[in-house]
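Structure first, commentary second.
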Amino acid sequence: MESENKLNKKIALYCRVSTQSQTTENQKIRLLQYATDNKLKYDLYDEVESTRKTRPIKQAVLSKLRSGEYSAVIVFKLDRWARSSRELLLEIQELVDKGIGFISVSDNLDFTSSVGRLHFHILSAFSEFERSLISERTKEGLMRARSQNKQLGRPKGSKDSKPRPKSGYMLREVRKRKKVDEVKNIYLPIENYMK
């Protein structure tokens, strides 16, 4: 019942592949079948990207979810939404906290239900445990390296010969992003650049 209420509004279907040589057709078939079986109104988003940091279509979907245009997002598998468990958990946590549904068809996870939220909390706990183990190993490695009098940190390079300017960093970054967007003919309010 709770899951149905969240899915009454329009939802977003999101597919992604990592390279131009791959296809999203199998994902689309499953997502469209799910939407049809559940009589959902939807928009389909299809992303083919090759770099880790640029996923403009996903960012557009996230923006529309945040603004309330969609009540949920449905993906084929969790790894199609995020490339790391940290990214996945942070974004799902944000969506769940805002009452936005997240469904992974292939993984059979529906975070709009009570059982789905339980699964999410279990995933979060394992992720937190993994981060703690990594942190402990890193600290132990640093202590060992210090005890062996090893030099820590990256080696000095050519950019280290003069101090880097720190003031005005945000303003420089905003100007860079604005210039890139102007080249692409995208005009966004200045607040968008400050995120």
Could you list all the side-chain hydrogen bond (donor to acceptor under 3.5 Å, both in side chains) pairs where at least one residue sits in residues 132-143, not counting sequence neighbours?
none

Are any of the side-chain heavy atoms of Gln93 and Phe102 separated by less than 4.5 Å?
no

Side chain to side chain contact (heavy atoms under 4.5 Å, CB included) with Cys15: which of Leu32, Ile29, Asp46?
Asp46

Cluster link Trp81 to Phe76, ILVMFWY, side chain under 4.5 Å
no

I want to check something: taking the side chain as every heavy atom from C-beta on, are Gln22 and Val48 in contact at a cut-off of under 4.5 Å?
no

Thr24 versus Arg16: any side-chain heavy-atom pair under 4.5 Å?
no

Looking only at non-hydrogen atoms, find the nearest pair between Ile57 and Glu47 and report the distance.
N-OE2, 2.8 Å

Side-chain touch Val61/Asp43, heavy atoms, less than 4.5 angstrom
no

Does Lys58 come within less than 4.0 Å of Glu91, counting only side-chain N to carboxylate O?
yes

pair Glu94-Leu90: side-chain heavy atoms closer than 4.5 Å:
no

Scanning both residues in full, the closest heavy-atom pair of Val17 with Gln27 reads CG1-NE2, 3.7 Å

Spatial distance of atom CG (Leu109) from atom CD1 (Ile103) [nearest 0.5 Å]
10.0 Å

Could you see if Phe111 belongs to whatever hydrophobic cluster contains Tyr14? Use Ile, Leu, Val, Met, Phe, Trp, Tyr and a side-chain cutoff under 4.5 Å.
yes

Shortest non-hydrogen contact between Tyr34 and Ile74, atoms and distance
CE2-CD1, 3.5 Å

Test item: Lys10 and Glu69 side chains (from C-beta on) under 4.5 Å apart, heavy atoms:
no

As an exercise, state the distance from CG of Leu40 to CD1 of Ile11, rounded to the nearest 0.5 Å.
5.0 Å

Decide yes or no for Val73 and Ile100: does some side-chain heavy atom of the first lie under 4.5 Å from some side-chain heavy atom of the second?
no

Closest heavy-atom contact between Ser104 and Asp107?
OG-OD2, 2.7 Å

Near Gln148 CD, under 6.0 Å, is it more than 12 heavy atoms from other residues, nucleotides or ligands?
yes

Shared hydrophobic cluster, Tyr70 / Val75 (ILVMFWY, side-chain heavy atoms < 4.5 Å)
yes

I need the minimum non-hydrogen distance between Leu31 and Leu13, along with the two atoms involved.
O-CD1, 4.0 Å

Measuring from atom NZ of Lys77 to atom CG of Asn108, what distance do you get when rounded to the nearest 0.5 angstrom?
12.5 Å

